[in-house]
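Please read the structure below before turning to the comments.
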2 protein chains.
Amino acid sequence: MKGKATSFDIAHEAGVSQSTVSRALRDSPLVSIETRERIKAIAKELNYKVDKNASNLRQQQSSTLALLLFEDPTSDDSMINPFFLSMLGSITRATAKAGYDLLISFQQFSNDWHADFEDTHKADGIILLGYGDFLDYRDKLEKLEQQNTHFVRWGALEEHNPGVVVGSNNYQGGYNITNHLIDRGRKHFVFIGGADNHSPEFLARFNGFNDALSERGILKPGQTAKHWDAISTETSGYNVCKALLDSGEKVDAIVCASDLIAIGVLSAMKESSYNVPDDIAIVGYDDIPLARFTSPPLTTVKQNTILAGEILVETLIAKIEGRHAKNVLIDADVILRESS
Amino acid sequence: MKGKATSFDIAHEAGVSQSTVSRALRDSPLVSIETRERIKAIAKELNYKVDKNASNLRQQQSSTLALLLFEDPTSDDSMINPFFLSMLGSITRATAKAGYDLLISFQQFSNDWHADFEDTHKADGIILLGYGDFLDYRDKLEKLEQQNTHFVRWGALEEHNPGVVVGSNNYQGGYNITNHLIDRGRKHFVFIGGADNHSPEFLARFNGFNDALSERGILKPGQTAKHWDAISTETSGYNVCKALLDSGEKVDAIVCASDLIAIGVLSAMKESSYNVPDDIAIVGYDDIPLARFTSPPLTTVKQNTILAGEILVETLIAKIEGRHAKNVLIDADVILRESS
DNA sequence: ATTTTTTATTCAAGCGCTTGCTCCAAGTAA
DNA sequence: TTACTTGGAGCAAGCGCTTGAATAAAAAAT
């Protein structure tokens, strides 16, 4: 046998027509059971595999999903948010389970990628990760929607979302972990992270934080909680914490908008000889795998990344198949460890 | 315009034949510059994109690479070795830069995936990550090679490797970091990690460790260094370290086969109130992003993952294009931090 | 015995593109 | 004028598959 076997080869071998081979391999009831089995046996023997390109072309679809990870051009090249990476695993698995392949790509906004993946028939739909943190995503997403591209986005739910959004309940997470700290008797709170409107996700966490403080009377009515800005990296957390300590601000509890920030904060605390949690409580957000191995182990909020990945994939496939797909908010759980 | 535009649509619009359109868009010199430009303008206006499936089918290739991450069925589902993840970034980028797409998939050995990705024309070649740690990979790889599948593997170089291998110089890494510890005056060494022949990579690290100790006279001739077995997870590192401490073994330096193990060890040390590095030095391997935020920051060996990803892709593409591809060993650097 | 229904298979079109070959007109040489 | 290049474009095959429609054979109904 020279080259790969085609369906004609196996048709010839089986003494049937090529179309019967195609039907047999797809388990069409139009082919009798015996012929089906016979054809399958021959196919296996000749190590025949359906050519995806031909099949896709004919069917005008690709049974492939594209995962686009937003890449922050300003941050360190090699740093990918571990939270997204942990979702990568479940997305990959869910995609495979649904019989799709997964294309992955890092994209920057600057690129004019638009709906290329779907336009070229490389993918039937697109999953967007990391597109929640920037102002200028809206235009692009609306363009996608206009083009009728199938896509789901991981991010925050806002009043009007272009496309379908799956996200975790950041408000509730911020609210719950703050209440936990209040229960532990903390009085002086600071929030570190992008508590500005650049990131709706961080903003929701901050709002939960703020509302918890208000409800429990730590904040007087009309007062807004203190926050220090930081981007989601250890380095930024470290620097901001140093600045915070230098400022002389009175504080016995820090809620960080992400574990990465919290890890930077912990490391600044250690360097300045503060004791966590005795002098000050630190909590993070995300429960990245290493959160339990920091020193002290980090109290944090866990987003169910496995569920999230599955729902993202499920939702996208629903859209592709023309079924109804709605926004989903996934609950987040507080994970108690020793930093609080 | 109903549906996506095809090359016929733009041919019609431009008043030329469809084949001229195809040539123009591929910058064929058979088409005059002016017509080329005119056609390109019309294509852009109609938002025309070449259908990948049709193009691939005709050309009998897919300009896609598949990345197969080995998934250890025995370990925690959501845990992916962060080291591989950091390579994912550079692989993705290098793939894109070379004009290929990247399919990603987690595979278990049990599955009979073989060369499916290439057989089905979904990919032109395969990158194998995480296939270095198990005994039974050889058969599969040899099968791949027999089938003439294009693949590169990340792993250790052994006498006879099926296919092409790109790896980092684990022997040298183990050797150098051990010498560093000896320079610091340490006397009682233990290696924690898979110092058995399950993992050629860990074995090479151990050999470097062992040889350094011998050369510097810490080990008497013929003696072999002490090692405790562990798999590459924090939990395993933690447990093994606990057992080591319980054993009463005299030790002032631990070389871990991976950062994950070292992080588990650090956490066990902290719990048992040992001071690192005063009582005992701990070093890891990999320099995962969080290694510099452990407490104390971890001395480790950095594999150049960016370079590694690029070389993997480059090597695979060379194979695909029929050029000569040879095994590559990438140097590893000791990163000094405070745990040693 | 004849017509109708059911079952199993084949025919043939065509998905959208790439590319070897053919064709034509204008330019150059004889 | 005739013959020969040559640059630019068109023709048409065909990549390997899926699938609606046609056909043939067998079974059931009349």
Side-chain angles (χ1 to χ4, degrees), chain A residues 1-40 42-43 46-64 99 116 118-124, chain B residues 1-40 42-43 46-64 99 116 118-124:
Chain A
M1 176 97 355
K2 71 281 295 169
K4 314 254 183 224
T6 74
S7 51
F8 282 93
D9 296 326
I10 99 141
H12 181 77
E13 188 79 14
V16 297
S17 76
Q18 178 268 338
S19 48
T20 300
V21 170
S22 177
R23 290 208 169 86
L25 295 175
R26 323 186 97 234
D27 262 327
S28 159
L30 293 181
V31 176
S32 71
I33 306 266
E34 310 101 65
T35 357
R36 249 187 268 175
E37 293 307 327
R38 189 161 50 89
I39 289 176
K40 282 185 192 166
I42 295 176
L46 298 189
N47 192 35
Y48 168 78
K49 299 277 161 50
V50 174
D51 183 308
K52 264 286 177 186
N53 288 321
S55 169
N56 288 344
L57 172 59
R58 178 58 226 252
Q59 298 182 94
Q60 292 295 72
Q61 45 107 307
S62 60
S63 57
T64 298
D116 265 33
E118 192 163 339
D119 284 348
T120 58
H121 285 279
K122 287 197 282 199
D124 297 331
Chain B
M1 175 96 356
K2 71 282 296 169
K4 314 256 182 222
T6 74
S7 51
F8 281 92
D9 297 325
I10 100 138
H12 181 77
E13 188 79 12
V16 297
S17 76
Q18 179 268 338
S19 48
T20 300
V21 171
S22 177
R23 289 204 172 91
L25 295 175
R26 323 186 98 233
D27 263 326
S28 159
L30 293 180
V31 177
S32 71
I33 306 265
E34 310 101 64
T35 349
R36 248 187 267 173
E37 293 307 327
R38 189 161 50 90
I39 289 175
K40 282 184 191 166
I42 296 176
L46 298 189
N47 191 35
Y48 169 77
K49 300 279 161 49
V50 175
D51 184 308
K52 264 286 178 186
N53 289 321
S55 170
N56 289 344
L57 172 59
R58 178 58 224 253
Q59 297 183 95
Q60 293 295 74
Q61 44 107 310
S62 61
S63 56
T64 298
D116 265 32
E118 193 163 340
D119 284 348
T120 58
H121 285 278
K122 286 198 281 197
D124 297 331

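So that the names make sense, note that chain A is the first sequence line, chain B the second, and so on, each numbered from 1. Values below: every heavy atom of this structure, side chains too, minus hydrogens, waters and symmetry copies.
For S55(B), the side chain to side chain donor-acceptor pair (under 3.5 Å) partners two or more places apart in sequence, or in a different chain, are Q59(B). For E13(B), there are no side chain to side chain donor-acceptor pair (under 3.5 Å) partners at least two apart in sequence or on another chain. By the salt bridge (Lys or Arg N to Asp or Glu O under 4.0 Å) test, R23(A) is found to be paired with no residue, residues two or more places apart in sequence or in another chain being considered. Residues meeting the side chain to side chain donor-acceptor pair (under 3.5 Å) test with T35(A), sequence neighbours left out: S32(A). For K122(A), the salt bridge (Lys or Arg N to Asp or Glu O under 4.0 Å) partners at least two apart in sequence or on another chain are D101(B). With sequence neighbours left out, the side chain to side chain donor-acceptor pair (under 3.5 Å) criterion links T64(B) to no other residue. Not counting sequence neighbours, the partners of R36(A) by the salt bridge (Lys or Arg N to Asp or Glu O under 4.0 Å) test are D27(A).
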Please list each protein N or O that sits under 3.5 Å from an N or O in nucleotides 24-27 of chain D, with the distance.
none

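Closest to the side chain of D51(B), out of dC17(D), dC17(C), dG20(C), is dC17(C). Distances were taken from every side-chain heavy atom of Q18(B) (C-beta onward) to each of dC17(D), dA12(D), dG10(D); the shortest belongs to dA12(D).
At a cut-off of 3.5 angstrom, counting only N and O atoms as typed in the model, there is a donor on one side and an acceptor on the other between the side-chain of S19(A) and the base of dC11(C).
Within residues 25-36 of chain B, the residues that have a heavy atom under 4.0 Å from DNA chain C are, in order of number, R26(B).
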